[in-house]
Amino acid sequence: MSGEVRVRFAPSPTGLPHIGNIRTALFNWLFARHHGGKFIVRVEDTDQARLVPGSIEAMLEGLRWLNIDWDEGPVVGGNSGPYYQSERLHIYHDLAERLVSQGNAYRCYCSQKPPSQDTQEQRDRRVSASAECKCRDLSQEDIVKLSVDQKSNVVRFAMPKEGVTRVKDLIRGEVEWRNETLNDFIILKSDGFPTYHLAVVADDHLMEISHVMRAEEWLPSTPRHLQLFEALGYEPPQFAHLPMIMGSDRAKLSKRHGATAIGEFKDNGILPEALINFMVLLGWALDDKTDLVSTQTVIENFTLNRITKSSAIFDQEKLLWMNGMYVRELTPVELAKRMTPFLERDLPKDLLPVDQQYLQRIAPLLQERIKSLEESAYITEYFFKADEKFDTSTIIQKGMDRDSTLSALKAALDGLSATDDYRHQNLEEMLNATGEKLELSRRQFLGVLRTAATGRSVSPPLFEMLEVLGKDRTVSRMKNAVERFSAAS
RNA sequence: GGGGCGUUCGUCUAGCGGCCCAGGACACCGCCCUCUCAAGGCGGAGAUCAGGGGUUCAAAUCCCCUACGCCCUACCA
């Protein structure tokens, strides 16, 4: 391959940015960065009917969140703009006109039938959309007559009726189609907008795209694009069709498969770096044993021959595991920072705002206990709440009774009130001695204290936790526990 | 119906003719560690490499056929 690598990501603003689209963007970006080329974002807004306001903003927001930067496109501009196809209509009109005059395209006057009225059965049976259209063979006379009383028409590309069209796909190898199996697709719609086929070919050429990397669902339309490039006298770019991402039922991923929009991952507490790593592994692998891999390493090693051919199923479980791995790699300060928005969202409002200093001391204790930031509020709640109002019966540990539990609480309260040294080593030494004196196992004694301090049977290691909680909170909770436990008899 | 692509443990994958009676990871099970929960360590179960034919001294790897899955077959991208 000669010349600069220029790849593009071409989303259409028809809804929330999907994980499949983002993965395509990611692979294009990785490819560009690997080759020191350019990554371009181009908005394919040629379908006015399906346009959903805000989708491009969400798309760009998703890319930014993932740290996928683009060299040309919306916001940043570039020398090949505009990067919205709706602003390039004149280009497509000129090209369509040229194709018609060259004899590579023709106006079609057939009445349109909204596809939505077709039953699935009809669509399955349809030989080809243009099968009944005879406009290709209209005489000049007929055309003149038709164009006066028929105000709207479309332009169809005249596919060669013989021969084959071949592509040397960089991932799949040689693929070929007999031209007779391809129909005369529409290139210009009656609303004056081009279809995807015309626009993509025109822009990939004008923007000097060197490699088209897109999802496999586009493979069947590649011969059309190739024929268009040919008719226009353009040299086609290289093609690489990426495997698709499927839902757990092996069907094309969609909303009903759970979180699929990029924003949902963010809301669900997934770290962008974890999502990147996970998406990379959906169709690419560094070697036979690496799962956790930095973006930098991926960029250095990102070559097309390591891309898988078969589609992949999105495994939420593995993503969550991977996210946990990334959570553990954060510094306490960073973790605290990332948890904050979730605490602000999910913690009872009266506990806000959270004390950042305090949070930073809490963070290390949960770091290896959470898989997603979404768990932030639940897992830290007792650090912020005042005295816990748990069911006092849960405080009694296995093998203990009310009396032994109460004396354990009292003994602990005495010790915890008497000392000011709340370093965990000291607490451990002191409380272990107390527990031994009471002839309780660590499991029992510390279990009682854990419940008294948190109201829960599960928590980070007790001593470290009490150290972070500090004397005031600890003593207050122990007192509270003693009182409530005594009263509940 | 037509066209195209794909098919290695449940899932993501390694493998590009001998190193593979197939390696890693998630999930699962067990043990160890241990104040609970995690994390970590160790081990286990799990794939007749979709099936059948070839080619070859040798095939998951090359070729052919079949099956299945998926995608496309719109004035959607």
Side-chain angles (χ1 to χ4, degrees), chain A residues 10-14 21 44-47 49-50 108 110 112-116 118 123-129 152-156 169 171-172 175-178 180-183 185-191 193-197 199-200 214-223 241 243-244 246 248 250-252 278 281-292 305-306 308-322 324-325 328 366-371 379 397 428 431-432 435 441-451 454 456-463:
Chain A
S12 59
T14 54
N21 301 141
E44 312 227 317
D45 54 348
T46 54
D47 185 354
R50 291 202 312 156
C108 166
C110 296
Q112 59 176 316
K113 185 177 62 167
S116 55
D118 289 15
R123 293 178 68 169
D124 288 348
R125 293 284 145 178
R126 184 162 45 219
V127 180
S128 94
S152 74
N153 59 41
V154 300
V155 178
R156 284 184 187 277
D169 189 275
I171 293 174
R172 282 150 220 288
V175 183
E176 60 176 50
W177 296 262
R178 278 174 287 121
E180 64 195 75
T181 64
L182 274 8
N183 66 1
F185 57 98
I186 291 171
I187 57 176
L188 204 62
K189 301 185 270 189
S190 55
D191 65 357
F193 278 75
T195 56
Y196 170 83
H197 305 300
V200 79
R214 57 196 353 176
E216 193 195 344
E217 58 191 297
W218 296 108
L219 188 54
S221 54
T222 304
H241 287 91
M244 306 209 301
M246 316 298 251
S248 47
R250 293 201 167 278
K252 202 170 161 180
F278 183 74
L281 261 28
L282 251 30
W284 186 87
L286 178 64
D287 53 33
D288 61 339
K289 56 191 50 138
T290 307
D291 280 294
L292 267 8
N305 61 356
R306 298 207 65 82
T308 311
K309 292 183 177 68
S310 52
S311 52
I313 290 176
F314 194 90
D315 182 6
Q316 230 94 16
E317 287 279 1
K318 188 160 181 175
L319 202 213
L320 215 50
W321 162 77
M322 190 168 279
M325 298 302 283
R328 269 163 246 148
L366 339 151
Q367 196 143 20
E368 57 187 35
R369 271 164 259 270
I370 61 172
K371 287 187 169 171
I379 202 163
Q397 304 297 302
E428 179 161 15
L431 290 170
N432 277 164
S441 68
R442 278 162 70 83
R443 188 189 190 92
Q444 292 173 315
F445 188 50
L446 302 186
V448 168
L449 301 188
R450 167 173 289 110
T451 311
T454 68
R456 300 185 189 178
S457 58
V458 170
S459 83
L462 187 71
F463 308 114

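Residue numbers begin at 1 in each chain, while the letters A, B, ... track the order of the sequences.
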Inset, instruction - Round to the nearest Å and state the distance from A:Asp287 atom CG to B:C12 atom P. - result: 18 Å
Legend entry - Sugar-phosphate, base or nothing in reach of A:Trp284, heavy atoms under 4.0 Å: nothing
Inset, instruction - Answer with base, sugar-phosphate or nothing: what part of the nucleic acid does A:Met246 contact at a heavy-atom distance below 4.0 Å? - result: sugar-phosphate
Inset, instruction - Look at the side chain of A:Pro461 and decide which nucleotide, out of B:C37, B:C76, B:U36, has an atom nearest to it. - result: B:U36
Inset, instruction - Quote, to the nearest angstrom, the P distance that separates B:C62 from B:U8. - result: 14 Å
Legend entry - Pairwise C1' distance for B:G10 and B:C35, with rounding to whole Å: 36 Å
Legend entry - Side chain of A:Glu368 - closest among B:A77, B:C35, B:A38: B:A38
Inset, instruction - In whole angstrom, give me the gap between the P atoms of B:C19 and B:U66. - result: 31 Å
Inset, instruction - Compare side-chain N and O positions of A:Lys371 against OP1 and OP2 of B:A27 and report whether any pair is under 4.0 Å apart. - result: yes
Legend entry - Length of the CD-C1' vector between A:Gln444 and B:U36, whole Å: 13 Å
Inset, instruction - Measure the distance from CD on A:Gln367 to P on B:A38 and round it to the nearest whole Å. - result: 17 Å
Inset, instruction - Grab the CG-C1' distance between A:Leu320 and B:C12 for me, whole Å please. - result: 15 Å
Inset, instruction - Name the closest nucleotide to the A:Ala285 side chain, picking from B:A14, B:U36, B:C12. - result: B:A14
Legend entry - Minimum heavy-atom distance A:Ile186-A:His197, with the two atoms named: O-CD2, 4.4 Å
Inset, instruction - Look at all strands and tell whether A:Pro460 reaches a base, only sugar-phosphate, or nothing, counting heavy atoms closer than 4.0 Å. - result: base
Inset, instruction - Could you check whether A:Ser459 gets within reach of a base, just the sugar-phosphate, or nothing at all, counting any heavy atom under 4.0 Å? - result: base
Inset, instruction - May I ask you to say what A:Gly435 touches in the nucleic acid, namely base, sugar-phosphate or nothing, with a heavy-atom cut-off under 4.0 Å? - result: nothing
Legend entry - A:Phe463 side chain, from C-beta outward: closest of B:C35, B:C37, B:G24: B:C35
Legend entry - B:U11 versus B:U48 - spacing of their P atoms, nearest Å: 12 Å
Legend entry - Under-4.0 Å side-chain N/O to phosphate OP1/OP2 contact, A:Arg443 with B:C35: no
Legend entry - Shortest non-hydrogen contact between A:Asp315 and A:Phe278, atoms and distance: O-CZ, 3.4 Å
Inset, instruction - Among B:C35, B:G4, B:C75, find the nucleotide with the atom closest to the side chain of A:Arg156. - result: B:C75
Inset, instruction - Could you tell me the separation between the CG atom of A:Asp288 and the C1' atom of B:A25, rounded to a whole number of Å? - result: 11 Å
Legend entry - Heavy-atom side-chain contact between A:Trp218 and A:Val200 under 4.5 Å: no
Legend entry - Separation of atom CZ in A:Phe193 from atom C1' in B:C75, rounded to whole Å: 13 Å
Inset, instruction - Quick one: closest heavy-atom pair of A:Leu182 and A:Pro223, and the distance? - result: CD2-CB, 3.7 Å
Legend entry - Nearest-angstrom distance from the residue atom CD of A:Glu428 to P of B:U34: 12 Å
Legend entry - Residue pair A:Asp169 / A:His241: nearest heavy atoms and the distance that separates them: OD2-ND1, 2.7 Å
Inset, instruction - Would you mind classifying the nucleic acid contact of A:Thr46 as base, sugar-phosphate or nothing, using non-hydrogen atoms under 4.0 angstrom? - result: sugar-phosphate
Legend entry - Pairwise P distance, B:A60 and B:G53 [rounded to whole Å]: 14 Å
Inset, instruction - Would you mind classifying the nucleic acid contact of A:Arg214 as base, sugar-phosphate or nothing, using non-hydrogen atoms under 4.0 angstrom? - result: nothing
Inset, instruction - Output the distance between atom CG (A:Leu449) and atom CZ (A:Arg442), rounded to the nearest 0.5 Å. - result: 11.5 Å
Legend entry - Out of B:A77, B:U36, B:G3, whichever nucleotide has its closest atom nearest the side chain of A:Tyr196: B:A77
Legend entry - Given RNA chain B, 5'-ward residue of the pair A:Asp291 and A:Arg328, judged by closest heavy atom: A:Asp291
Inset, instruction - Check every atom of B:C75, B:U36, B:C26 against the side chain of A:Trp321 and return the nucleotide holding the closest atom. - result: B:C26
Inset, instruction - Report the residues that fulfil side chain to side chain contact (heavy atoms under 4.5 Å, CB included) with A:Thr308, sequence neighbours left out, ordered by chain and then residue number. - result: A:Ser310
Inset, instruction - Please determine if a side-chain N or O atom of A:Arg178 lies less than 4.0 Å away from the OP1 or OP2 oxygen of B:G3. - result: yes
Legend entry - A:Arg369 atom CZ: more than 12 heavy-atom contacts under 6.0 Å: yes
Between protein and nucleotides 5-10 of chain B, what N or O pairs are separated by less than 3.5 Å?
unit_1	atom_1	unit_2	atom_2	d
B:C5	O2'	A:Arg172	NH1	2.9
B:C5	O2'	A:Glu216	OE2	2.4

Inset, instruction - State, with a plain yes or no, whether a side-chain heavy atom of A:Pro460 is found less than 4.5 Å away from one of A:Arg450. - result: no
Legend entry - Euclidean distance for C1', B:U55 against B:U61 (whole angstrom): 13 Å
Inset, instruction - Please state how far atom CZ in A:Arg442 lies from atom P in B:C37, giving the value in whole angstrom units. - result: 14 Å
Inset, instruction - Using heavy atoms to find the nearest nucleotide of RNA chain B for A:Glu317 and A:Leu281 separately, return the residue whose nucleotide is more 5′. - result: A:Leu281
Inset, instruction - Please measure how far the C1' atom in B:A74 lies from the corresponding atom in B:A14, and state the result in whole Å. - result: 41 Å
Inset, instruction - Could you tell me whether the phosphate oxygens of B:C12, OP1 or OP2, come under 4.0 Å of any side-chain nitrogen or oxygen in A:Lys289? - result: no
Legend entry - Touch class at under 4.0 angstrom, heavy-atom based, for A:Phe278 against every strand present: nothing
Inset, instruction - For B:C20 versus B:C37, give the span between their P atoms, rounded off to a whole number of Å. - result: 40 Å
Legend entry - Under 4.0 angstrom between A:Arg456 side-chain N/O and B:U36 OP1 or OP2: no
Legend entry - G-U wobble or Watson-Crick pairing nucleotide for B:C28 (cut-off 3.5 Å, both distances): B:G44
Legend entry - Heavy-atom side-chain contact between A:Arg156 and A:Asn183 under 4.5 Å: no
Inset, instruction - Compare all side-chain heavy atoms of A:Leu446 with those of A:Phe463 and state whether any distance is below 4.5 angstrom. - result: yes
